[in-house]
Amino acid sequence: MQTTVDFKTLAVTGVQALQPYQPGKPIEELERELGITNILKLASNENPLGSSPKAQAALNAALQTLELYPDGSGYQLKAAIAAKFGLNSKQITLGNGSNDVLDIIARAYLDKDCSAVFSEFAFAVYPIAIQAVGAELRMARANSPTHHAMPYGHNLPNIAAKITHNTRVVFIANPNNPTGTWLNTSDLHRFLQTVPTDVIVVIDEAYTEYVQDPEFPNALAWLDEFPNLIVTRTFSKIYGLAGLRVGYAASSPTVADMLNRVRQPFNVNSLALAAAQAALDDDEFLQQSVVTNAAGLQQWFAACAENGWEYMPTVGNFITINMQRPAAPLYEALLREGVIVRPIGGYGLPQHLRITVGTAAQNTRCINALQKVLNA
Ligand SMILES: *Cc1c(COP(=O)(O)O)cnc(C)c1O
């Protein structure tokens, strides 16, 4: 059948201009392309220790009832999250990954008459979620590369200055991905005090469990003080459940009520609900993950010092290094060494590579591979 209809121009305006999210390269894809095995993926900030044994046991049990729809309200998981953090279940919105939650926020609070503010170098999902609903993107300049404390980091005065009469949402990642940079308690709290009370501030805390700095904020503690605050968290990072897709938002009950109106009824599947609930309480696994990551960061800091590699400040489970030359060929060369890292040219950082912190052995392999491709 012949057709002259242009289905691109039929798509809603925001979607036509959208650049799809570029995920880390899957291991299987590299296996297919190069016919190699023993591939190390340090590209998507996944947990090198895998996932909690308790979560795996819960998954096995949940496998027995796949014929049943999941609990669409996520009652038990929400109750467990609320209990752990001293919140009310009515404040929680579950998502198919926190990505889903970010999308839900955009759908509930933005349309073509609104704008949303985010920072240069911020997590790429924010502009996608904003643009998909036709809202205006307002990007604030980040700190300069030569900033004394937090190069490339979110700049709160610049973010505040971007808020205008039609701004409904501000997205802040703390720490941010792909930079690793972070905002401290006093600065972020002061920012919240200055934001107009009818502007929603989303603080994305995907990596918060890894952070040990005593100056690092816990935005959940501010929910009572700021009814316009939404905090998002995920089971994809330290909890090691990226493959299952589960995350959540914590907010005022009214905001949660609005988010739940646009949430798909069964957006979190039954396996994800069961595993996340079990993982939430596995303190031993969480502690091991924190310790492994802290040691891994030290290993990377030492390697960077030794090799003269300049890196961005980080408190996450990844490190972003300025290679001082185009990073794409280095990325390709690393692939041929069987190591997948993340080029971030799409963020306007074509000379940087973002590398997930692995186990000691994984870090050593990646460091050696990096030295080899740099000297080739
Ligand atoms: C990885 C990440 C997420 C989590 O995404 P999920 O959809 O929960 O897997 C959210 N925000 C940031 C900044 C991230 O880096």
Side-chain angles (χ1 to χ4, degrees), residues 20-24 26 41-48 51 55 74 77 81 92-107 116 118-130 132 142 152-154 159 169-183 188 201-211 216-217 219 230-250 259 263-264 267-269 271-273 275-276 279-280 289 293 312 314-320 341-342 344 346-347 349 352 354-357:
Y21 183 78
Q22 292 181 343
K41 183 185 179 207
L42 297 176
S44 300
N45 302 342
E46 293 144 342
N47 190 329
S51 57
L77 177 57
I81 292 167
I92 311 295
T93 308
L94 299 179
N96 191 253
S98 54
N99 220 298
D100 183 30
V101 173
L102 296 167
D103 225 47
I104 288 171
I105 294 167
R107 283 167 55 215
F118 62 102
S119 174
E120 186 184 17
F121 312 132
F123 187 42
V125 164
Y126 312 146
I128 293 174
I130 297 163
Y152 304 93
H154 283 18
I159 290 174
V169 183
V170 176
F171 289 96
I172 288 177
N174 201 35
N176 182 44
N177 164 25
T179 59
T181 52
W182 68 99
L183 298 161
L188 191 52
V201 178
V202 179
I203 301 183
D204 178 346
E205 296 190 329
Y207 302 94
T208 195
E209 300 87 354
Y210 280 113
V211 186
F216 187 82
I230 304 179
V231 182
T232 63
R233 294 198 175 180
T234 181
F235 287 92
S236 297
K237 302 290 157 57
I238 203 166
Y239 291 99
L241 298 175
L244 283 175
R245 315 302 304 129
V246 50
Y248 60 94
L259 302 182
R263 187 181 62 81
Q264 283 181 39
N267 63 334
V268 185
N269 70 68
L271 299 180
L273 288 173
L280 197 61
S289 302
N293 188 63
M312 296 185 189
T314 178
V315 283
N317 67 341
F318 57 91
I319 185 163
T320 299
V341 299
R342 191 71 156 266
I344 50 175
Y347 284 89
L349 296 166
H352 287 76
R354 193 197 70 193
I355 302 171
T356 302
V357 173

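Both counts, for ligands and for their atoms, begin at 1 and track the order of listing.
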Is there a side-chain contact between Val202 and Leu102 (heavy atoms, below 4.5 Å)? yes
Which pairs of nitrogen or oxygen atoms, taken one from ligand 1 and one from the protein, are under 3.5 angstrom apart?
from     : atom 1 : to     : atom 2 : distance (Å)
ligand 1 : 5 (O)  : Ser98  : OG     : 3.4
ligand 1 : 7 (O)  : Ser98  : N      : 3.2
ligand 1 : 7 (O)  : Asn99  : N      : 2.9
ligand 1 : 7 (O)  : Arg245 : NH2    : 2.7
ligand 1 : 8 (O)  : Ser98  : N      : 2.7
ligand 1 : 8 (O)  : Ser98  : OG     : 2.8
ligand 1 : 8 (O)  : Thr234 : OG1    : 2.5
ligand 1 : 8 (O)  : Ser236 : OG     : 3.4
ligand 1 : 9 (O)  : Ser236 : OG     : 2.6
ligand 1 : 9 (O)  : Arg245 : NH1    : 2.8
ligand 1 : 9 (O)  : Arg245 : NH2    : 3.3
ligand 1 : 11 (N) : Asp204 : OD1    : 3.2
ligand 1 : 11 (N) : Asp204 : OD2    : 2.6
ligand 1 : 15 (O) : Asn177 : ND2    : 2.7
ligand 1 : 15 (O) : Tyr207 : OH     : 2.6
ligand 1 : 15 (O) : Lys237 : NZ     : 3.2

Residues two or more places apart in sequence or in another chain: which of them pass salt bridge (charged side-chain N to carboxylate O under 4.0 Å, His left out) with Arg342? none
For Asn99 and Tyr21, test the side chains for any donor-to-acceptor distance below 3.5 angstrom and give the result as yes or no. no
Can a donor-acceptor pair be found between the side chains of Arg354 and Thr179 at a distance below 3.5 Å? no
Could you check if a side-chain atom of Trp182 sits within less than 4.5 angstrom of a side-chain atom of Tyr207, using non-hydrogen atoms only? no
How are the rings of Phe235 and Tyr239 set relative to one another: parallel (under 30°), tilted (30 to 60°) or perpendicular (over 60°)? tilted
